[in-house]
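Please read the structure below before turning to the comments.
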Amino acid sequence: MARPLSHLIASFGGTGFAPRAPGTVGSFAALIVGVPLLGHWIWMALAVLVCTAVGYRATELASGGEDHGWIVIDEVAGMWLAMFPLAPLPLSALRWTDVLWLLLAFALFRLFDITKPGPVGWFDRRHDAIGIMGDDIVAGIMAGVILTGIRFLA
């Protein structure tokens with residue numbers, strides 16, 4: 001994989017080069033791209049797996065062991081994991097309540113990604129592609145579990 005391609009993937013098509021809050025911009029871009037994938041849970045699951053595998057390799061090539069702010073492919077994988085409990089959610093049947101659930105998934109993911117509680121922080125302290133991808137994957141899983149619990153109670 002050539003360096004420019006790894007940078008393109010790691011920055012999720014360049015969204016990571018946003019001048020402010022690139023992680024939030026990348027997460028929001030992931031939300032927008034992920035909504036159509038929610039129509040079938042298998043598409044979302046495959047997208048998460050492909051994003052994680054390709055993102056890991058791109059991050060490994062582009063990072064040099066450092067979690068540069070412009071690397072946001074990890075946010076994409078994490079955000080899609082946070083959204084996963086909402087599948088199947090067909091785009092044609094999207095309601096206002098669904099939009100609120102999506103925004104809650106986004107908020108929970110960003111909260112865990114920024115505050116780095118427990119295992120999120122452990123991965124964040126690693127200085128390699130596993131750490132770069134791992135902290136957001138764990139944050140996404142945590143957000144998805146909390147989202148599932150809130151939906152169950154609601």
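Everything quoted here is computed from the prediction, not taken from an experiment. Throughout, numbering of the chain's residues begins at 1 and tracks the sequence.
In this structure, Ile71 CD1 and Ile9 CD1 are separated by 12.0 Å, a value rounded to the nearest 0.5 Å. Atoms OG1 and CD1, on Thr24 and Ile114 in that order, are 5.0 Å from each other to the nearest 0.5 Å. Here Thr15 contributes atom OG1 and Phe28 contributes atom CZ; the two are 12.0 Å apart, rounded to the nearest 0.5 Å. The distance from the CG atom of Leu100 to the CG atom of Leu104 is 9.0 Å, given to the nearest 0.5 Å. Between the CE atom in Met133 and the OG1 atom in Thr59 there is a gap of 5.5 Å [rounded to 0.5 Å]. Taking CG from Leu89 and CH2 from Trp101, the interatomic distance works out to 12.0 Å, rounded to the nearest 0.5 Å.
Here Phe152 is tied into one hydrophobic group with Leu153, each link being a pair of ILVMFWY side chains closer than 4.5 Å.
Annotation: side chain of Tyr56 is in contact with side chain of Ile130 (closest heavy-atom distance under 4.5 Å). The closest side-chain heavy-atom distance from Cys51 to Ile73 is below 4.5 Å. Between Val25 and Val72 there is no side-chain heavy-atom pair separated by less than 4.5 Å. Between Phe12 and Val33, the closest side-chain pair of non-hydrogen atoms falls below 4.5 Å. The shortest distance between side-chain heavy atoms of Pro22 and Phe17 does not fall below 4.5 Å.
Remark: side-chain polar atoms of Arg125 are paired, donor with acceptor, to backbone N or O of Gly121 under 3.5 angstrom. Put simply, the side chain of Arg151 gets close to the backbone of Pro85: a donor and an acceptor are under 3.5 Å apart.
Residue pairs meeting the salt bridge (charged side-chain N to carboxylate O under 4.0 Å, His left out) criterion with at least one partner in residues 86-103, sequence neighbours excluded, are Arg95-Asp98. Applying the salt bridge (charged side-chain N to carboxylate O under 4.0 Å, His left out) test to pairs two or more places apart or on separate chains, none has a residue in residues 20-38. Residue pairs meeting the side-chain hydrogen bond (donor to acceptor under 3.5 Å, both in side chains) criterion with at least one partner in residues 66-80, sequence neighbours excluded, do not occur; the list is empty.
For Arg126, the side chain to side chain donor-acceptor pair (under 3.5 Å) partners are Asp128, not counting sequence neighbours. Every salt bridge (charged side-chain N to carboxylate O under 4.0 Å, His left out) that Asp113 has, sequence neighbours left out, goes to Arg110, Lys116.
Taking each heavy atom of Asp136 and Ile132 in turn, the nearest pair found is OD2-O, 3.4 Å. For Phe109 against Ala82, the heavy-atom pair with the smallest separation is CB-CB, 4.0 Å. Ala45 and Phe84 make their closest contact through N-CE1, 3.7 Å (heavy atoms, listed as atom of the first residue, atom of the second, distance). When all heavy atoms of Ser6 and Ala58 are compared, the pair lying nearest together is O-CB, 3.7 Å. Considering all non-hydrogen atoms of both residues, Ala105 and Met79 come closest at C-CE, 3.9 Å.
Leu37 is not connected to Leu49 by any chain of hydrophobic side-chain contacts under 4.5 Å among Ile, Leu, Val, Met, Phe, Trp and Tyr, and they are in different clusters.
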Residues Trp122, Val138; criterion side chain to side chain contact (heavy atoms under 4.5 Å, CB included); working and verdict: CA-CA 10 Å; Trp122 181 84; Val138 173; over 6 Å; no
